[in-house]
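Report on the structure given below.
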Amino acid sequence: MGVGRRMKKQGPPQPLSEEHFAKLKRKAGLPVDAPTEAPEKKRRRTAKKPEPKSNGSASKKSGSTSKGSKPAKGAKELPTTNGRSSKSKAPKKPLLEESDEEDEFDMEDLEAGGSSDDEVQKIGDDFLGSDSSVFDSDDEGGQTKAMWSEDEDESDAEEKLTAANIVGLSRKLDQQLEEEAAANEEEMLQSALQTNISGDKPKVLADEDDDLEAEKNEFLAPDLQLLRTRITENIRVLDDFSNLRQEGRSRAEYTAQLLKDVCAYYGYSEYLAEKLYNLFTPREAFAFFEANETARPVVIRTNTLRANRRELAQALINRGVTLEPVGKWSKVGLQVFESSVPLGATPEYLAGHYILQAASSFLPCMALDPQENERVLDMAAAPGGKTTYMAAMMKNTGIVIANDPNKARSKGLIGNIHRLGATNAIVSNYDAREFPKPMGGFDRVLLDAPCSGTGVIAKDPSVKTNKTELDFMQLPHIQKQLILAAIDSVAHNSKTGGYIVYSTCSVTIEENEAVVQYALKRRPNVKLVETNLAFGKEGFTSFRGKSFDPSMSLTRRYYPHSYNVDGFFVAKFQKIGPTPAKANAPRERSSGGDSSEVIDRTPIALDDDEDDKAKNDDFGGWDEDEDEQYIEKGRRNAMRRRGLDPHSAGKKSKKSSK
Ligand SMILES: C[S@@+](CC[C@H](N)C(=O)[O-])C[C@H]1O[C@@H](n2cnc3c(N)ncnc32)[C@H](O)[C@@H]1O
């Protein structure tokens, strides 16, 4: 069974670098080009005057195929692949040491190959508000019945598969490299003209004369090339501050300038840019912002209830799809490089042999590792990528309660359950904070929580501007309520399980470590355990002066720039005992009700000591009244930003409540 054991043997996803392609070519007996320096990411490939870009504009432009335009290739662009830089070039000095260059095949390529917009639309994602999230994972494990995938004899199968695709891949690569070489040359020329003299202290911050000049140009569109150069130079200074800073200028000034430029160049709100920037070193933050400008690879998950990966791959190759296994860490994922058919409308798709599912979306299911014949709850399930993966992992035995209160999204959930033949799934429409009132005593619970989507900005660039302070108060609030409900819905005495996985496609601390910390404080009867995922960065054990439980290192973070997957967070808890009787105040939205052997109806309340501790903790605490005040303050600020009078709404609502 052990997904865990198997995964341990498997490495992290193999970045599809040029080297990787050279290896594939060698395997297939094709000529290998002389290695070129790993290309950098930026998509700006020509010296054509870049389109000006202002905050928020990215999303609107994302569908543009205009070659001279700035990064923001939109979310909907059909990707390109891991590890291969597409057209974008960067200044000659590599900035992104760990950047996985993106995408050999990009949207334009795929469109040229016949993929339709519709198809791309189907490549949904799984965060709140995304309608057509049709991603999911795989099952592991050899299956015994003939109708199930006998999961391949890995190495052989992969070799055959890659050999079958190799001609397509190689052709693509060659074309790509040619384009890159030309674009690189152009961009190097540009940056040589515009960058400060190398070796000198870069002049990043404006002096008085510059300020006057800037005032004159205030209403002109920003020069993106210059902005980009200043961003990279600024990072160089921040990396070696004592040697490279301008006399008398502080780190804070450089950081402020960098954030301002990031907002102008990539189109983030100041609020979100700063929040995301604070998660990383300046250089890594740049890599993160860059990675958000490029779509992640298109991945499909083989539905092992209906197909086996090798046969599915062959069938799709025959239809003109170029693909290869997503990596050794998954036995069901296939990465698609290009396709001459819409992937959401092939006979195999309609027959439920696969689902379009982001690679990172496999991870929570793999961490939860549901077993045959268990009772599993998927608390926030629509559109069902993870539900159907878990059903497949359980080989359609046991039961998966697929819950989502959003009826519109539930249609997609039901559709996927039917299409993929998950006969052990039952759909419910509760607000999951109600659990375990309607049902409890589960062996395992997945809470793939509604979140801000900061991990999937490449898919939905509107996140850059539409997430406010208020969102980062309200979302964690509901996430905290949901995580307690998830814990309370698990049977601590389950013979096979007793596990809860919490995941989000966001990278913020508030929605991840802070929520987990909160759960640890409020529910001493759970502990964090290994996710057994083959790759991922450790969760933060401290952040900007705040400490989390040391076991937070067992949680896993995923970033687009590190693994070329959507930003994601995964934490796995084990419930080790019943909740202490002392915690007995009824939880908001939960009824308490009768207790029974299997249903742990642990109410949410603290004893006095814990309450004090929690109140003093910026992240772990939850005080209803205080939260209300913050939320109200956030609401007022949001209204002010929109030019509305915050008091008028308050008055209205007071009136109407009378
Ligand atoms: C990240 S998406 C889930 C994606 C899904 N797990 C998948 O893999 O396809 C979050 C879901 O949470 C649901 N949601 C929002 N509020 C909820 C609540 N109070 N209880 C349960 N689900 C909720 C949304 O409708 C949305 O479908």
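Residue indices begin at 1 and follow the sequence shown. Just follow the structure's listing: the first ligand is 1, and inside any ligand the first atom is 1. For the numbers below, each heavy atom of this structure counts, side chains included, while hydrogens, waters and symmetry mates do not.
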Which atoms of ligand 1 have any heavy atom of [X] under 4.0 Å away?
| X | result |
| --- | --- |
| I478 | 19 (N) |
| N406 | 25 (O) |
| A449 | 1 (C) |
| M379 | 21 (C), 22 (N) |

T504 contact mode with ligand 1 (heavy-atom cut-off under 4.0 Å):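 Looking at T504 and ligand 1, no heavy atom falls under 4.0 Å.
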Proximity to ligand 1 by part of D404, non-hydrogen separation under 4.0 Å: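 Within the 4.0 Å criterion, D404 contacts ligand 1 through side-chain atoms alone.
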Y559-F280 aromatic ring centre distance below 6.0 Å: yes
Sub-6.0 Å ring centroid separation between H561 and F289: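 No; F289 has its ring centre 6.0 Å or more from that of H561.
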Sole candidate of N416, D378, D448 that passes side-chain hydrogen bond (donor to acceptor under 3.5 Å, both in side chains) when paired with T387: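 The passing option is D378.
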Heteroatom distance test ([X], ligand 1): nitrogen or oxygen, under 3.5 angstrom:
| X | answer |
| --- | --- |
| Y430 | no |
| D431 | yes |
| A382 | yes |
| L482 | no |

Cation-pi check, R556 onto F535 ring (under 6.0 Å, within 45° of axis):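 No.
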Parallel, tilted or perpendicular: rings of F435 and F442 (30°, 60°): perpendicular
Mutual orientation of the aromatic rings belonging to F472 and Y271 [parallel < 30°, tilted 30-60°, perpendicular > 60°]: tilted
Inter-residue atom distance N403.CG - E434.CD, 0.5 Å rounding: 10.0 Å
Shortest heavy-atom approach to atom 20 (N) of ligand 1 - which of G384, S506, A432: A432
Nearest neighbour of atom 7 (C) of ligand 1 from the list A381, S361, G453, on a heavy-atom basis: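 Nearest option to atom 7 (C) of ligand 1, by heavy atoms: A381.
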Salt bridge (Lys or Arg N to Asp or Glu O under 4.0 Å) assessment of K480 paired with E511: CA-CA 9 Å; K480 286 172 182 174; E511 296 176 83; over 6 Å; no
Proximity flag N416 to ligand 1, non-hydrogen atoms under 4.0 Å: no
Whether C451 lies under 4.0 Å from ligand 1, heavy atom: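 In this structure, C451 fails to qualify as a contact of ligand 1 - no heavy atom is under 4.0 Å.
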Under-4.0 Å salt bridge between D488 and R523: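 So D488 pairs with R523 through a salt bridge.
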